Amino acid sequence: MLSPPKVINKTLIERVKRQFGIIGNTFALNHAIEMALRVAPTMMNVLITGENGSGKESFSKIIHHFSGKKHGKLIAVNCGALPEGTIDSELFGHEKGAFTGAHETRKGYFQEANGGTIFLDEIGEMPLATQSRLLRVLEYGEFLKVGSSKVEKTAVRVIAATHVDLREAMRQSRFREDLYYRLNTVSLRIPPLRERGDDVLLLFKKFSADFAQEYGRTPLQLTEGAIERLKKYDFPGNIRELKNLVVRMSILSYDEPMITEEILSKYLPSRSERLPARLSGTLTNVGRGVSERDILYKVLFDMQHDLIELKKLVFERLSMDVEGYHLLKKHPLLFDQLPNKKVADTPSPIVLPTQEEMSPPSPTSLPIEVSEDNPIIPLEEMEKQAIEHALKKYQGNRKKVAVALEIPERTLYRKIKKYGF
């Protein structure tokens, strides 16, 4: 087994950068490379944290290359890209006939990577059931193929990576605590691009030169104003976003290789603030104490209110002249909603419902605070009540009911049978 280097000097770090295509000179980046070199020969599990696009996979390659398993395979697996129904089969393999479509026995990644390294990217997206199986591999080097009772052995090093806060995921019971501490023997944080100062300019020049060399074009140049504008942008997509920006400008600014601040501003969002994001079933910008179901109810009632206001406006416009009145008469469902109707050619002025009659329940009256005295009505019950009300209103005319509820007639028939109307 290799022994850790006694001295991690600048020369070694620069050699690693050239070998793995890492650009930058900031202290945080150099420290991350030094940590990777020190942990590489130890065979310890490593948890790499960092934002999307910050280059976590490059560090897994560094660790594998300087480890005692460098002659074995390095297999990278994106756990977030594997469907929950197939991830166990992908990781651990399956036996023939284990499930529909399993026509032959298949090796999983842990069996393929035996004697090498497996890089589990986006480990925070792994289902809880799979986390239990992974814990067994980390503790005893054992696993079971899907549909098999034979214990398989593997000698594989696990490097995991994530961009989510696993401690918060543990508090929400989305990540196993024992697995977290088993993986987090050594933690390696990759700094985001916004914390790397002038590295953004080095990367810009690198990407621009690579594109120019490949397509025979003049490399892009930045004015002082453009440099300051570029350094102020926070790059939520990190290195991947910067590379896409350079490629886009190289293509569209072919006649203007000198990029000014004005030109650069056309390619950058006016604001670099983060958008609200979904994190494994929870909304990160939603305050605690209010569930997504409560928010859904509020959105539905707001939409209903907007629809009623739109109907009201349409009725007002159409009822202003005789032509509009007769146009409404051609559509019985709309005409029936007018409070005053005359069959005469010249209608009398239409009196619209009052605001109180047409307004939906106020959002403030929604059962946001869920309790036994004020429960949330299930969506199925609301659907049943809506269908029952429409059937009574249109005296069982299913065609009119389907149009009013904006659902296909076949769907209506199925729901009538379901609810026993």
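Owing to the predicted nature of the structure, the values given are computational and were not obtained by experimental measurement.
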So do [Y] and [X] actually touch side chain to side chain, heavy atoms under 4.5 Å?
{"X": "Phe92", "Y": "Thr130", "answer": "yes"}
{"X": "Leu245", "Y": "Leu230", "answer": "yes"}
{"X": "Tyr180", "Y": "Arg167", "answer": "yes"}

Between [X] and [Y]: side-chain donor-acceptor atoms closer than 3.5 Å:
{"X": "Ser132", "Y": "Arg176", "value": "yes"}
{"X": "Asp199", "Y": "Thr26", "value": "yes"}
{"X": "Lys17", "Y": "Asn30", "value": "yes"}
{"X": "Tyr267", "Y": "Ser253", "value": "yes"}

Tell me whether [X] contacts the main-chain N or O of [Y] through its side chain, where contact means a donor paired with an acceptor under 3.5 Å.
{"X": "Ser208", "Y": "Leu220", "answer": "yes"}
{"X": "Arg217", "Y": "Ser250", "answer": "yes"}
{"X": "Arg157", "Y": "Ile118", "answer": "no"}

Could you measure the distance from the [atom1] atom of [X] to the [atom2] atom of [Y]? Nearest 0.5 Å is fine.
{"X": "Glu125", "Y": "Leu120", "atom1": "CD", "atom2": "CG", "value": "13.0 Å"}
{"X": "Ile190", "Y": "Glu195", "atom1": "CD1", "atom2": "CD", "value": "11.5 Å"}
{"X": "Lys56", "Y": "Thr162", "atom1": "NZ", "atom2": "OG1", "value": "7.5 Å"}
{"X": "Glu142", "Y": "Arg136", "atom1": "CD", "atom2": "CZ", "value": "5.0 Å"}
{"X": "Leu12", "Y": "Ile33", "atom1": "CG", "atom2": "CD1", "value": "9.5 Å"}
{"X": "Glu241", "Y": "Asn52", "atom1": "CD", "atom2": "CG", "value": "11.5 Å"}

SB check [X] [Y] (cutoff 4.0 Å):
{"X": "Glu90", "Y": "Arg106", "value": "yes"}
{"X": "Lys232", "Y": "Glu228", "value": "no"}
{"X": "Lys73", "Y": "Glu112", "value": "yes"}
{"X": "Lys266", "Y": "Glu262", "value": "no"}

Validation row, ring centre His64 to ring centre Phe119 under 6.0 Å = no
Closest contact, heavy atoms only, Ser54 versus Asn238 | N-CB, 3.9 Å
Mind checking whether Phe211 and Tyr215 have parallel, tilted or perpendicular rings, split at 30° and 60°?
-> tilted
Heavy-atom neighbours of [X] [atom1] exceed 12 at 6.0 Å:
{"X": "Met258", "atom1": "CE", "answer": "yes"}
{"X": "Lys153", "atom1": "NZ", "answer": "yes"}
{"X": "Lys145", "atom1": "NZ", "answer": "yes"}
{"X": "Glu409", "atom1": "CD", "answer": "yes"}

In a check of side-chain hydrogen bond (donor to acceptor under 3.5 Å, both in side chains) between Tyr419 and each of Lys384, Glu388, Glu383, Gln385, which one passes?
-> Glu383
